[in-house]
Amino acid sequence: MGLIHIDLFTTLDGVAQAPGGPDEDAGGGFTFGGWQAPLMDSVVGGQVEAGMQDLDALLLGRRTYEIFAAYWPQQKGTIAELFNRVPKYVASRQPHALPWDNSTQLGPDIAAGVHELRARHEGLHVIGSLDFVQTLFADRLFDRLTLWVYPILLGSGKKVFAEGVVPANLTLLEPVIASPKGAVLQRYELAAGTPGVGVMGNGGPEV
């Protein structure tokens with residue numbers, strides 16, 4: 001059974017909208033498109049590539065697919081070669097043109113389609129695709145969550161965790177990594193159960 005990875009870039013206040021460029025997604029009047037660019041460095045770049053070593057398929061929402069399909073086929077380099085080579089799956093209930101080679105649209109039953117892909121691939125990576133990610137969070141249809149958290153506050157924009165996220169436990173897989181420009185990498189695994197509660201006492205938590 002393959003693993004579903006969600007890979008996101010987010011600000012400290014949880015905004016993940018349009019990190020890559022001004023024209024990526026201006027929905028809702030968002031004016032900070034491309035906020036990630038001034039904070040990129042070699043540590044981020046190296047860790048992003050390392051995190052994709054197990055990627056054998058992309059699973060994307062419609063909007064992110066359109067952005068990627070217009071960009072990556074014209075690019076060179078390790079990530080471009082990987083993205084252009086692997087199968088691409090698009091989560092959308094409405095039919096859409098799929099111009100990027102090796103692209104397939106999931107059927108109307110998104111959950112069933114995701115389970116089928118798990119049986120077919122070892123490492124399915126969901127990048128961006130914030131609306132689709134909310135569905136995965138709500139249905140617990142993910143195994144790993146990778147967050148790059150950047151030291152800026154935007155105050156508005158689409159959030160990583162929107163309404164509909166269900167309570168869940170996560171396990172930190174490795175020590176966090178900080179880049180020279182202050183981005184912090186956090187890699188988590190979905191764990192069993194729901195968050196517990198307790199009472200904090202003088203000697204520590206009482207549960």
Side-chain angles (χ1 to χ4, degrees), residues 1-10 16 19-20 24-25 44-73 75 77-148 158 160-162 164-166 168-174 185-192:
M1 183 69 70
L3 299 179
I4 296 177
H5 300 250
I6 297 175
D7 304 327
L8 296 171
F9 303 109
T10 175
E24 184 177 325
D25 180 4
V44 174
Q47 286 294 325
V48 167
E49 284 196 19
M52 294 181 182
Q53 289 182 357
D54 68 337
L55 187 156
D56 65 356
L58 284 169
L59 177 57
L60 305 172
R62 178 189 61 82
R63 176 61 179 156
T64 298
Y65 173 84
E66 291 175 348
I67 294 168
F68 279 23
Y71 178 78
W72 286 111
Q75 305 306 309
T78 303
I79 294 179
E81 291 173 4
L82 176 64
F83 284 4
N84 289 322
R85 173 174 52 82
V86 301
K88 275 75 68 175
Y89 299 97
V90 187
S92 178
R93 292 181 173 84
Q94 300 298 323
H96 293 280
L98 303 176
W100 201 0
D101 289 345
N102 208 6
S103 296
T104 305
Q105 183 169 333
L106 296 186
D109 189 336
I110 299 298
V114 170
H115 283 299
E116 181 182 345
L117 293 179
R118 263 185 165 156
R120 191 182 308 170
H121 296 284
E122 292 298 318
L124 283 152
H125 281 246
V126 182
I127 302 173
S129 308
L130 284 177
D131 291 338
F132 176 47
V133 161
Q134 304 313 310
T135 298
L136 298 179
F137 284 151
D139 293 337
R140 294 175 63 96
L141 284 175
F142 71 99
D143 302 287
R144 302 286 172 83
L145 173 62
T146 297
L147 295 177
W148 275 104
K158 298 177 183 177
V160 172
F161 303 109
V165 172
V166 299
N169 291 318
L170 300 174
T171 300
L172 188 66
L173 289 173
E174 60 190 39
L185 170 61
Q186 305 169 37
R187 287 194 173 108
Y188 296 97
E189 180 179 51
L190 181 64

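Since we're looking at a predicted model, the values are computed, not measured.
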Does D101 reach the side chain of N84, with side-chain heavy atoms less than 4.5 Å apart? no
Within the side chain of Q105, is there an N or O that forms a donor-acceptor pair under 3.5 Å with the backbone of S92? yes
Under 3.5 Å, side chain of D56 to main-chain N/O of E122, donor-acceptor pair present? yes
Nearest heavy-atom pair of R140 and A168: which atoms, and what distance? NH1-CB, 3.3 Å
I'd like to check V126 versus V133 (side-chain heavy atoms, cut-off strictly below 4.5 Å). Are they in contact? yes
Distance from L141 atom CG to I110 atom CD1, nearest 0.5 Å? 10.5 Å
I'd like to know whether L60 forms a side chain to side chain contact (heavy atoms under 4.5 Å, CB included) with V90, so could you lay out the CA-CA distance, the side-chain angles of the two residues, the decisive distance to 0.1 Å, and finally the verdict. CA-CA 5 Å; L60 305 172; V90 187; 5.6 Å; no
Give me the ring orientation class for F83 and W100: parallel if the planes are under 30° apart, tilted from 30 to 60°, perpendicular past 60°. perpendicular
Quick check: does any side chain N or O of E189 sit under 3.5 Å from a backbone N or O of L145, one acting as donor and the other as acceptor? no
Using 0.5 Å steps for rounding, measure from the CG atom of L58 to the OG1 atom of T64. 10.5 Å
Distance in Å, T146 OG1 paired with Q47 CD, rounded so as to fall on 0.5 Å steps: 10.0 Å
Answer yes or no: is there a side-chain heavy-atom contact under 4.5 Å between L130 and L8? yes
Between F9 and V48, does a side chain to side chain contact (heavy atoms under 4.5 Å, CB included) hold up when you go through it step by step? CA-CA 10 Å; F9 303 109; V48 167; 4.1 Å; yes
Report yes if the side chains of D131 and R63 come closer than 4.5 Å at any heavy-atom pair, otherwise no. no
Go through the steps to decide whether Y89 and V114 satisfy the test side chain to side chain contact (heavy atoms under 4.5 Å, CB included), and finish with yes or no. CA-CA 9 Å; Y89 299 97; V114 170; over 6 Å; no
Could you tell me which non-hydrogen atom of G61 sits nearest to which non-hydrogen atom of S129, and how far apart they are? N-OG, 2.9 Å
Nearest 0.5 Å, please: how far is CD in Q186 from CG in L172? 7.5 Å
Salt-bridge present (R85, E81; N to O < 4.0 Å): no
With no hydrogens and no angle check, is any side-chain donor or acceptor of E49 less than 3.5 Å from a backbone partner on G45? no
Find the distance between CD (E24) and CD (E66) and round it off to the nearest 0.5 Å. 12.5 Å
Is there a donor-acceptor pair under 3.5 Å between the side chain of R62 and the backbone N or O of F132? no
Check V160 against Q134 and note the closest heavy-atom contact, atom names and distance. O-NE2, 2.8 Å
Is the closest side-chain heavy-atom distance between V86 and H121 below 4.5 Å? no
Residue pair L106, L59: steps toward the side chain to side chain contact (heavy atoms under 4.5 Å, CB included) verdict: CA-CA 9 Å; L106 296 186; L59 177 57; 3.9 Å; yes
Going by heavy atoms in the side chains, are M52 and I127 under 4.5 Å from each other? yes
So CG of L190 and CZ of R144: to nearest 0.5 Å the spacing works out to 10.5 Å
Y65 and H96, any side-chain heavy atoms less than 4.5 Å apart: no
